[in-house]
Amino acid sequence: MATRLLRTNFIRRSHRLPAFSPVGPPTVTASTAVVPEILSFGQQAPEPPLHHPKPTEQSHDGLDLSDQARLFSSIPTSDLLRSTAVLHAAAIGPMVDLGTWVMSSKLMDASVTRGMVLGLVKSTFYDHFCAGEDADAAAERVRSVYEATGLKGMLVYGVEHADDAVSCDDNMQQFIRTIEAAKSLPTSHFSSVVVKITAICPISLLKRVSDLLRWEYKSPNFKLSWKLKSFPVFSESSPLYHTNSEPEPLTAEEERELEAAHGRIQEICRKCQESNVPLLIDAEDTILQPAIDYMAYSSAIMFNADKDRPIVYNTIQAYLRDAGERLHLAVQNAEKENVPMGFKLVRGAYMSSEASLADSLGCKSPVHDTIQDTHSCYNDCMTFLMEKASNGSGFGVVLATHNADSGRLASRKASDLGIDKQNGKIEFAQLYGMSDALSFGLKRAGFNVSKYMPFGPVATAIPYLLRRAYENRGMMATGAHDRQLMRIELKRRLIAGIA
């Protein structure tokens, strides 16, 4: 079978987020505090001065990130110490490079050294960033995190790509088991499950469908007989350079494969609908995204029947120049068709691969020129979606961000709009093992907050763990700032224990 779980060749692409319980007692992690969104952008923000407001200071927007003693109050000292050590280790460049070399070396072919390496990884990085080796273990980790902190969980089966029908069918069954695991939890403990279309539809077919959708947009007389009802997946500023000539139509076999892929996502959606479990569909890079958007929106039209809360959520990547336009078009069409729609808003994670592909074709990158442009786009999209969710419509919004400024803006906007923070229409999300202080601050401000919790066998989770290490190292000054806040809290506890 050709399934790749959190694939090992990720370093040849940009370091992707997101957008992922170990054996032994559950552990609550504590990590970064006031941090910018983690992106694969090369530029870094200048190091800010370390400011420590008085513990009694409260931001006028209701989001207080100044008092680390309160933020980390639910984290046992032993877990805070381990979290600090893991994040510091992940920020050491030579250590990350060594880990990358070891994982791709012949040392992993020998059973003795492989066992030693995997054992070390499991007791450190894996336990910090991953929720377990299977759906049941991950569900128990969700339960333990909620009971300790009040943070919900997003269950994420850590498979990325599949290249054949057998693997796609196997992955669908894993997603079904993930939904069943989520259903076994109290509804207060979890927020959603996450699926990647690339895991249930072969990559080659997604590329073909994306090419055909682009050509249809370019040439209105070009018709696709197999196309289901959907919302627009392009705007006037969308990148179309991937498809420069008319593609061949799908073969009979490809049409059968596409029908099977539709059947898989529909079965997953049906199970979510029956279980009342929201489904978040992850995004990919622009060479595949048109097909993913098409399948996400066609599924939403079929399954978002509940007018109070959508089941199917699509992902908008704000680092793309056309993100705002495409979001507005999708919302307009959803309103026109009276279809409740959910959106997960992220900044994005494929900058390097997007820039390389565009440059190879002599085109401009589809990604914003500066990180500030991305921040502005994210905040504009966030404001727009919050306004839609506040007016009684059936829109749902997941604000996936590690950016404290966006958190503050959203908190102020929620207050201005009089949004009910607990009705489930608006929630925040951060990666498990990262930005816990921001998660705790938003939770204290009254919001629903979830951690994106991947699970899967230790060996297959290694690429994901290496990405987390690269992201921590890439934070540079701001990462050091966050780790310093954690050291300050540890020092405070040590002094209090001695006094």
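Heavy-atom basis, side chains included; hydrogens, waters and symmetry copies ignored.
- Taking both residues in full, the closest heavy atoms of Ser191 and Met154 are given as OG-CG, 3.3 Å, listed atom of the first, atom of the second, then distance.
- Between Asp136 and Arg177, none of the side-chain N atoms (NZ, or NE/NH1/NH2) sits under 4.0 Å from a carboxylate O, so this pair counts as no salt bridge.
- The minimum heavy-atom distance between Val398 and Ala429, with the atom names listed, is CG1-CB, 4.1 Å.
- Judged purely by atom type and a 3.5 angstrom limit, His189 has no side-chain atom pairing as donor or acceptor with the backbone of Ala139.
- Electrostatic pairing of Glu180 and Lys271 counts as a salt bridge here, judged by a charged N lying under 4.0 Å from a carboxylate O.
- Judged by distance alone, the side chain of Arg264 and the main-chain N or O of Met172 form no donor-acceptor pair under 3.5 Å.
- In this structure, Arg347 forms no cation-pi arrangement with Tyr319, as its terminal cationic atom is not both closer than 6.0 Å to the ring centre and no more than 45° off the ring axis.
- In summary, the aromatic rings of Tyr157 and Phe455 are positioned with their centroids under 6.0 Å apart.
- Taking 4.0 Å as the cut-off between side-chain N and carboxylate O, Arg143 and Glu140 count as a salt-bridged pair.
- One finds the CZ atom of Phe395 at 10.0 Å from the CG atom of Asn304 (value rounded to the nearest 0.5 Å).
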Test side-chain hydrogen bond (donor to acceptor under 3.5 Å, both in side chains) applied to Thr370 and Asp373, step by step | CA-CA 5 Å; Thr370 68; Asp373 289 340; 3.2 Å; yes
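- Using a distance-only test at 3.5 Å, with no hydrogens or angles considered, a donor-acceptor pair links the side chain of Glu354 to the main chain of Thr286.
- Atom-to-atom distance recorded for Leu155:CG and Phe190:CZ is 8.5 Å, nearest 0.5 angstrom.
- When all heavy atoms of Gln273 and Ala305 are compared, the pair lying nearest together is NE2-CB, 4.3 Å.
- A donor-acceptor pair is defined here as one N or O able to donate and one able to accept, closer than 3.5 Å; no such pair exists between the side chain of Ser275 and the backbone of Cys272.
- Panel note: side chain Asn171, backbone Ala199; a donor-acceptor pair is recorded below 3.5 Å.
- Between Lys443 and Phe428 the shortest side-chain heavy-atom distance does not fall below 4.5 Å.
- Remark: the Arg82 side chain and the Ser123 side chain contain no N/O donor-acceptor pair separated by less than 3.5 Å.
- Between the side chain of His128 and the backbone N or O of Thr124, no donor-acceptor pair lies under 3.5 Å.
- Side-chain atoms of Ser184 come within 3.5 Å of backbone N or O of Ala181 as a donor-acceptor pair.
- Taken from CG in Asn448 to CD1 in Ile426, the straight-line distance is 10.5 Å, to the nearest 0.5 Å.
- A donor-acceptor pair is defined here as one N or O able to donate and one able to accept, closer than 3.5 Å; no such pair exists between the side chain of Asp322 and the backbone of Glu325.
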When you look at Ile281 and Tyr313, which way does the side chain to side chain contact (heavy atoms under 4.5 Å, CB included) test go after all the steps?
-> CA-CA 6 Å; Ile281 296 177; Tyr313 286 63; over 6 Å; no
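- Within the 4.5 Å cutoff, side-chain heavy atoms of Asp293 are placed close to those of Arg326.
- Put simply, the side chain of Lys451 does not reach to within 4.5 Å of the side chain of Met434, judged on heavy atoms.
- Between Glu427 and Lys152 there is no salt bridge, since none of the side-chain N atoms of the basic residue sits less than 4.0 Å from a carboxylate O of the acidic one.
- Atom-to-atom distance recorded for Arg487:CZ and Leu80:CG is 12.0 Å, nearest 0.5 angstrom.
- Of the listed residues (Pro340, Pro278, Cys269), just one forms a side chain to side chain contact (heavy atoms under 4.5 Å, CB included) with Val312, and that residue is Cys269.
- Annotation: side chain of Val331 is in contact with side chain of Phe343 (closest heavy-atom distance under 4.5 Å).
- Ion pair Lys425/Asp420 not flagged as a salt bridge, since none of the NZ, NE, NH1 or NH2 atoms sits closer than 4.0 Å to an Asp/Glu carboxylate oxygen.
- Evaluated for a side chain to side chain contact (heavy atoms under 4.5 Å, CB included) with Phe175, the options Val159, Leu279, Ile265, Val193 yield exactly one hit, Val159.
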Assess whether salt bridge (Lys or Arg N to Asp or Glu O under 4.0 Å) is satisfied between Glu274 and Arg270, documenting all intermediate values.
-> CA-CA 6 Å; Glu274 293 171 355; Arg270 188 175 296 108; 5.5 Å; no
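- Residues Leu431 and His402 have side chains in contact (heavy-atom distance under 4.5 Å, counting atoms from C-beta outward).
- The two residues Val145 and Thr149 make their nearest non-hydrogen contact at O-OG1, 2.7 Å.
- In this structure the side chain of Leu280 never reaches within 4.5 angstrom of the side chain of Thr315, judged on heavy atoms.
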From CA spacing to verdict: side chain to side chain contact (heavy atoms under 4.5 Å, CB included), Thr198, Asp282 = CA-CA 9 Å; Thr198 51; Asp282 262 348; over 6 Å; no
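- When side chains are defined from C-beta on, His88 counts as touching Thr84, because their heavy atoms get closer than 4.5 Å.
- For the residue pair Ala318 and Leu345, the shortest heavy atom distance occurs at CB-CD1, 4.4 Å.
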May I have the step-by-step check of side chain to side chain contact (heavy atoms under 4.5 Å, CB included) for Ser188 and Tyr146, ending in yes or no?
-> CA-CA 8 Å; Ser188 59; Tyr146 180 83; 3.8 Å; yes
Could you walk me through whether Arg321 and Ser235 pass side-chain hydrogen bond (donor to acceptor under 3.5 Å, both in side chains), step by step?
-> CA-CA 10 Å; Arg321 299 174 192 274; Ser235 71; over 6 Å; no
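- With Arg141 contributing its side chain and Met453 its backbone, the two residues share no donor-acceptor pair below 3.5 Å.
- Here the CD1 atom belonging to Ile179 is positioned 8.5 Å from the CD atom belonging to Glu267, to the nearest 0.5 angstrom.
- The cationic atom of Lys421 (NZ for Lys, CZ for Arg) lies less than 6.0 Å from the six-membered ring centre of Phe447 and within 45° of the ring axis.
- Interatomic distance, CG of Leu409 versus CE of Met386, reported as 8.0 Å (0.5 Å rounding).
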Is there a side-chain hydrogen bond (donor to acceptor under 3.5 Å, both in side chains) between Gln317 and Tyr350 once you walk through the steps?
-> CA-CA 10 Å; Gln317 300 178 97; Tyr350 293 113; over 6 Å; no
Give the intermediate values and the outcome of side chain to side chain contact (heavy atoms under 4.5 Å, CB included) for residues Val397 and Lys388.
-> CA-CA 9 Å; Val397 183; Lys388 288 295 181 182; over 6 Å; no
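- Taking the six-membered ring where the residue is Trp, Phe231 and Tyr297 present tilted rings, their angle falling between 30° and 60°.
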For Gln430 and Thr401, run side-chain hydrogen bond (donor to acceptor under 3.5 Å, both in side chains): C-alpha distance rounded to whole Å, both residues' side-chain angles, the deciding distance at 0.1 Å, then the answer.
-> CA-CA 6 Å; Gln430 289 81 41; Thr401 182; over 6 Å; no
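- Using a 4.0 Å cut-off between charged side-chain N and carboxylate O, Arg408 and Asp405 make a salt bridge.
- Annotation for Ala410 and Met382: closest pair CB-SD, 3.7 Å, computed over non-hydrogen atoms.
- Two residues are said to be in side-chain contact when any heavy atoms from C-beta on lie closer than 4.5 Å; Ile200 and Ile268 meet this criterion.
- Under a 3.5 Å cut-off, the side chain of Ser439 and the backbone N or O of Ser435 do form a donor-acceptor pair.
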